[in-house]
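Both counts, for ligands and for their atoms, begin at 1 and track the order of listing. Position 1 is the first residue of the sequence; numbering continues from there.
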Amino acid sequence: MSIQYHEQSRVFSLETAHSLYQIKADATGVLLHLYYGKKTEQDMSYRLFLTDRGFSGNPYEQRLNRGYSLDTLPQEYAGSGVGDYRLPAVQTVSENGSRSVDLRFVDYQVEKGRQPLNGLPFVRESADTETLKITLRDSVIGLDVELLYHVFPALDVIVRSARLINTGKQALTIEKAASACLDFLYGDYDVLHFHGRHCMERIPERLRLPRGVAAFGSRRGMSSHHSNPFVVLCDRNATENAGDCYGCMLMYSGNHLEEMEVDQTGSTRLVVGIHPDGFSWTLNPGEAFETPEALLSFSGSGLNGLSHQYHDLIRRQVIAPRWQNVQRPVLINSWEAAYFDFDAEKILRFAHSAKDLGIEMLVLDDGWFGNRNDDNRGLGDWAVNEKKLGCTMKALSDQIHEMGLQFGLWFEPEMISEDSDLFRTHPDWALTDPDRKPMLARNQMVLNMSRQDVVDYLFESMCAVLDSAKIEYIKWDFNRSVANCYSKALPASRQGEVAHRFMLGTYQLLEKLLKHYPDLMIEGCSGGGGRFDAGMLFYCPQIWCSDDTDAIERLEIQCGTSYGYPVSAMGAHVSAVPNHQTGRVTPFGTRGVVAQSGTFGYELNPEKLSDEEKEQIRVQVSDYHRYADLIAHGTYYRLTELNVEKDFSAWMFVSPDQKEALVNLVMTHVRANSPVPFVRLQGLLASGRYCLEGTEAVFSGAALMYGGFVFKHVHGDYAAVQAHFVLDR
Ligand code: DGJ
């Protein structure tokens, strides 16, 4: 049993392979957070210290016990307005205007397995999953909060969410409903968060938590390029390979907020959930509201260890089983090869050249539908532009399949252009404020996905295309941030629900399509990696990592992404040089090595390749197949520490049985007479003997891990080297 309840002390212990999470319902009925960290075999309530602190008041029941304050006790799900002045987890407004929420323990339930969430992505249950449900109640306002904990023991993960139920007779307005609230009574922490911008997503930044509040999040109607819904709190001295680290990843693709507060006593609170700005949700009597899930994981062995836990979680319990063990096809995408300038003849020529190089799928990107010959028009009109193509989609797809390639197609379902038949017919389907011109981006508006008729239209029009031809894959794009988040289909009082209902509509559409086409592979995309989150990964086994295809920039982007997400989810392609985003010229081999640590494909015009480049592609494709399992299912290690100045970037994969390892190194700055690139390998069998492929050299695992490996002959700008080690005995 991973969930234990001690009747007398009212302590709940949630145990995973290497962690303990403890909660206590105290005598006042307040649910306290006792501990999260390495296993201790102990009731951790001895750490509580009740002392009178000025200006930290006492609940009425404890008015004579001045040491007892909600303001200083570690809370499991903090209420608001009743004496805990730190960040609340939940805020509501009652019909009489009261904003107070004061929750007390009512009861609990433990069960095997888990129930799915309603309309939201969720972590799929494993054989050992157990669920704890704790019910808290504020009987004054008529609010029950069910705290859900799904424990994944083998994965060292605890998944939290909250269900708010109106048990009263009057409507409540929810203004904030966090997915998780986590109090760290003691300790000094750094926070690692992942910021960015279009073409440079998920850049890790490690900061010392200040006193007071620090917060990251997105109000863009999408998880965003700018701030990923994932944070790590770690010991100040934690490194890639040592130290305590706590991860919290929100499984959600819309507005999100990660808040941290270090309070007067030095304790730290982390609150994560839907961004409360602009959010309000009317909860009528009898209704329930479910938050997205927050995926918590603790590692006592540094950031690499924490990443391994998230990689395993996503690969096994988030990605759909259909795709977990399938080698992803090497694809060629038409975007950087042709942009909007193509017809079927050109695409077929691409397909022909691609087939000759060993590529397995051709993806036709933007521009095949409506009057979409540039990015100013046509979104929403999902009808094949046969005039432009010169044939039907079926004819194109058939010819591509006859060549032995699979076929994929681009969609941007949640968008609408002003210049489109859809907008001319249904102007009220766009998200727009009354009496106000919409904010445009890429000259497009956002569809109101909170409307069922919009979701139904998209389902039908996408099905019509998917039924008309054999299409194995779609690329699901989303090319702007949301604004004017107003639905003409909802009353004024419910406009605060639109952003979340938008996400529910998008998830519903994805769900419906996948139910209808269980073999359809959807690659997520949002101007590259603007919606790279666990929510989208529930539906899409891979996500285009960034619109920046420059191999050197990709090192940073893919490395930053790797803190939370596995490489098997990262869309990465070899593109042409000079690179279209940066103008940088990198060796073809380096572009291959970098893209290989992803889902692998090409984003270039195959007709413009030299014979030498064509030969390199053949080798890259065969290397991809040789290493695909090791890369997709192996253990990934970052070998270069964050914030340590280096002239190279290095990372490696070790097979689950430790019999094989692939080390990658890319020079990011070449200097004359410079120190030799040197890395300590990780994850090998210390007593194993590893042969370096292509040489006579044999090393012990211990030598490679403790004495390190020296890359002696790396020469030239942005050179890349791979070292493949195979266990001898
Ligand atoms: C943004 C994507 O990230 C690109 O790869 C491409 O699909 C364009 N959109 C098409 O408009």
>> For the backbone of Val272 and the side chain of Glu258, can you confirm whether one donor and one acceptor N or O come within less than 3.5 Å of each other?
In response: no
>> For ligand 1, which is the ligand I care about here, please tell me if Cys525 has any N or O atom under 3.5 Å from one of the ligand's N or O atoms.
In response: no
> In terms of atom number and element, which parts of ligand 1 are under 4.0 angstrom from non-hydrogen atoms of Trp544?
Replying inline: 3 (O), 5 (O)
>> If you count heavy atoms of other groups shown closer than 6.0 angstrom to NZ of Lys488, is the number above 12?
In response: yes
>> Quick test of your reading of the structure: of Lys475, Arg442, Glu412, whose heavy atom lies closest to atom 5 (O) of ligand 1?
In response: Lys475
> In terms of atom number and element, which parts of ligand 1 are under 4.0 angstrom from non-hydrogen atoms of Gly528?
Replying inline: 3 (O)
> Hey, are Arg531 and Glu414 close enough for a salt bridge, meaning a charged N less than 4.0 Å from a carboxylate O?
Replying inline: yes
> Quick one: do the Gln722 and Tyr627 side chains pair a donor with an acceptor below 3.5 Å?
Replying inline: no
> Would you say the side-chain atoms of Tyr565 and Arg202 include a donor-acceptor pair closer than 3.5 Å?
Replying inline: no
>> Between Asn579 and Thr549, do the side chains contain a donor N or O and an acceptor N or O under 3.5 Å apart?
In response: yes
> Has ligand 1 got any nitrogen or oxygen that is less than 3.5 angstrom from a nitrogen or oxygen of Asp366?
Replying inline: yes
> Does Asp547 have a non-hydrogen atom less than 4.0 Å from ligand 1?
Replying inline: yes
> Under 4.0 Å from any heavy atom of Asn479, which atoms of ligand 1 are there?
Replying inline: 1 (C), 9 (N)
> Can Lys346 and Asp341 be counted as an ion pair, charged N to O under 4.0 angstrom?
Replying inline: yes
>> Below 3.5 Å, N or O to N or O, backbone or side chain included: is there any such pair between Asn333 and ligand 1?
In response: no
> For atom 6 (C) of ligand 1, what is the nearest protein heavy atom, given as residue, atom name and distance?
Replying inline: Asp365 OD1, 3.4 Å
> Any idea which of Asp477, Asp548, Asp375 brings a heavy atom closest to atom 1 (C) of ligand 1?
Replying inline: Asp477
